Asks: 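Take a look at the following structure, please.
Owing to the predicted nature of the structure, the values given are computational and were not obtained by experimental measurement.
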Amino acid sequence: MKTKLLTFSVFLLLLFSSCVPTNDLTYLQNKSPKVENQVVEAAKPYRLQVNDVVSITIKALDEKLVEIFSLTKSTVSPTIENVYFNGYTVDDHGNIRLPILGEVNVLGNTVEEARIKVESKLLNEYFKKEAQLFVSIKLAGFRFAANGEVNNPGSKVLYQDRVNIIEALSNAGDITMVGDRKDVKVLRQYPGGIQTYSIDLTDAAAMGSPVFYLQPNDLIYVKPLKQKSWGTGGTGRETLTTLITSLSLVATLFILLKN
């Protein structure tokens with residue numbers, strides 16, 4: 001009787017220790033009263049870096065005056081390929097090369113600062129105010145990559161100006177059941193090199209992290225929980241199935257050896 005009780009106790013211990021707790025799966029929990037109803041500071045404007053691709057639209061009262069600046073027609077869909085081949089890439093010197101205008105340095109500028117710079121150069125050198133010039137500059141897609149324990153890993157492009165890490169992971173199919181949400185790594189490129197950040201997505205305080213709002217070309221890495229290395233599954237049902245199968249194999253082996 002004691003042997004059966006001990007076996008059953010070990011079975012339950014393995015069952016519950018192998019399951020992933022709900023607290024490890026829930027995003028942005030209020031673990032500290034200080035973060036409840038806290039207003040999160042908006043992300044600072046992104047500053048252009050080498051190898052960024054921007055799309056530039058230049059319009060005027062007479063469209064023929066600015067036809068040379070239009071690399072693509074407005075009817076062309078903004079696919080990744082079209083954006084890459086028809087956008088303007090920031091080169092190693094921080095310049096973009098425009099028709100007629102030549103090279104314009106935009107390194108370290110926000111897209112709004114780059115817009116003002118291009119528009120001012122056009123008005124000073126080629127157009128008058130009567131042309132009613134209109135310049136628009138946008139990042140040609142928000143690029144990031146997600147790897148590790150996500151359901152749809154790889155490089156992603158979103159056509160929006162700002163992306164937080166929860167949105168990014170949603171577009172990567174979310175973190176798997178056995179992914180570590182408490183220690184998600186974000187690798188960010190700076191002029192001096194790559195810096196690695198850690199963020200706990202189960203804590204609402206994560207919204208104050210410098211990597212809660214991503215920057216273009218960020219890499220998200222989600223490491224596995226120990227449950228994956230055990231091979232027992234993330235849910236109680238998966239774990240129970242694995243343990244029953246293992247115990248059945250052990251019992252069968254015991255009977256064969258006994259006979």
Side-chain angles (χ1 to χ4, degrees), residues 41-146 154-172 188-191 210-220:
E41 184 180 353
K44 294 181 180 179
Y46 176 67
R47 296 191 174 275
L48 296 170
Q49 300 182 34
V50 172
N51 293 327
D52 279 343
V53 181
V54 295
S55 62
I56 301 177
T57 303
I58 301 174
K59 296 182 179 181
L61 193 62
D62 185 352
E63 288 297 323
K64 291 183 178 180
L65 295 175
V66 293
E67 276 184 353
I68 192 169
F69 298 104
S70 302
L71 297 182
T72 58
K73 295 182 178 180
S74 59
T75 55
V76 176
S77 59
T79 63
I80 297 175
E81 292 80 8
N82 286 334
V83 165
Y84 176 78
F85 287 109
N86 297 305
Y88 297 91
T89 302
V90 182
D91 65 21
D92 292 340
H93 302 288
N95 300 321
I96 53 175
R97 191 163 177 265
L98 292 167
I100 298 179
L101 283 184
E103 293 184 342
V104 180
N105 191 278
V106 296
L107 185 65
N109 292 162
T110 65
V111 288
E112 177 62 15
E113 289 169 348
R115 181 197 69 79
I116 293 172
K117 186 176 288 187
V118 171
E119 187 174 289
S120 298
K121 193 173 178 65
L122 286 169
L123 287 172
N124 291 335
E125 299 179 15
Y126 297 100
F127 296 94
K128 296 181 179 180
K129 289 184 178 180
E130 289 74 15
Q132 296 187 22
L133 203 63
F134 177 85
V135 178
S136 173
I137 298 182
K138 292 180 177 292
L139 274 173
F142 193 107
R143 290 169 171 78
F144 68 93
S155 297
K156 314 292 177 185
V157 178
L158 300 179
Y159 293 103
Q160 56 191 78
D161 294 330
R162 260 192 311 186
V163 177
N164 66 52
I165 193 169
I166 302 293
E167 290 177 292
L169 289 168
S170 297
N171 281 274
R188 178 165 294 174
Q189 178 72 50
Y190 289 102
V211 292
F212 182 75
Y213 282 100
L214 297 180
Q215 289 190 7
N217 306 312
D218 277 354
L219 170 63
I220 304 169

Asks: Report the residue from Ile220, Val211, Asp218 that forms a side chain to side chain contact (heavy atoms under 4.5 Å, CB included) with Ile165.
Replies: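 Exactly one option meets the side chain to side chain contact (heavy atoms under 4.5 Å, CB included) with Ile165, and it is Ile220.
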
Asks: What pairs meet the salt bridge (charged side-chain N to carboxylate O under 4.0 Å, His left out) rule with one or both residues in residues 117-127, with sequence neighbours excluded?
Replies: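 Residue pairs passing salt bridge (charged side-chain N to carboxylate O under 4.0 Å, His left out), neighbours aside: Arg115-Glu119, Lys121-Glu125.
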
Asks: Compare every heavy atom of Leu48 with every heavy atom of Ala114, then report the nearest pair and how far apart it is.
Replies: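 Looking at all heavy atoms of both residues, the shortest contact is CB-CD1, 4.2 Å.
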
Asks: Would you find more than 12 non-hydrogen atoms of other residues, nucleotides or ligands less than 6.0 Å from Phe134 atom CZ?
Replies: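 No.
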
Asks: What are the two closest heavy atoms between Ile166 and Phe212, and how far apart are they?
Replies: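 The answer is CG1-CE1, 4.0 Å.
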
Asks: Rounded to the nearest 0.5 Å, what's the gap from OH on Tyr126 to CG on Leu65? Could you check?
Replies: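 Going from the OH atom of Tyr126 to the CG atom of Leu65 covers 14.0 Å.
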
Asks: Please round to the nearest 0.5 Å and tell me the distance separating atom NZ of Lys44 and atom OH of Tyr213.
Replies: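 Rounded to the nearest 0.5 Å, the NZ-OH separation comes out at 14.5 Å.
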
Asks: Is the closest basic N to carboxylate O distance between Arg162 and Glu167 below 4.0 Å?
Replies: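 Result for this pair is no, no salt bridge flagged.
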
Asks: Using 0.5 Å steps for rounding, measure from the CZ atom of Phe127 to the CG atom of Asp62.
Replies: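 CG of Asp62 is found 9.5 Å from CZ of Phe127.
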
Asks: How many angstroms lie between CG in Leu158 and CZ in Arg143, if you round to the nearest 0.5 Å?
Replies: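 Interatomic distance, Leu158 CG to Arg143 CZ, rounded to 0.5 Å: 11.0 Å.
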
Asks: Would you confirm whether Asn95, through its side chain, and Asp91, through its main-chain N or O, come within 3.5 Å as a donor-acceptor pair?
Replies: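 Not at all, since once roles are kept as given, no pair shorter than 3.5 Å links the two residues.
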
Asks: Using a 4.5 Å cut-off on heavy atoms from C-beta on, say whether the side chain of Val66 contacts that of Leu133.
Replies: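 Counting from C-beta outward, Leu133 and Val66 do come under 4.5 Å.
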
Asks: Rounded to the nearest 0.5 Å, what separates atom CD1 in Ile58 from atom CD in Glu67?
Replies: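 If I round to the nearest 0.5 Å, the distance is 13.0 Å.
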
Asks: For Ala168 and Leu214, which heavy atoms make the closest approach, and how far apart are they?
Replies: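 Heavy atoms only, the tightest pair is CB-CD1, 3.4 Å.
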
Asks: If you take all heavy atoms of Leu139 and Val111, which pair is closest and at what distance?
Replies: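 Reported closest heavy-atom pair: N-CG1, 4.2 Å.
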
Asks: Taking C-beta and beyond as the side chain, do Asp52 and Asn217 meet within less than 4.5 Å on heavy atoms?
Replies: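 Asp52 vs Asn217: side chains touch.
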
Asks: How far apart are the closest heavy atoms of Gln215 and Tyr46, and which atoms are they?
Replies: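 Scanning both residues, the minimum pair turns out to be OE1-CE1, 3.8 Å.
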
Asks: Look up atom CG in Leu107 and atom CZ in Arg47, then write down how far apart they are to the nearest 0.5 Å.
Replies: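 It is 10.5 Å, given to the nearest 0.5 Å.
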
Asks: With no hydrogens and no angle check, is any side-chain donor or acceptor of Asn105 less than 3.5 Å from a backbone partner on His93?
Replies: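 Present.
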
Asks: Of the non-hydrogen atoms in Thr89 and Ile96, which two are nearest, and what is the gap between them?
Replies: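 For Thr89 and Ile96, the tightest heavy-atom pair comes out as O-CG2, 3.8 Å.
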
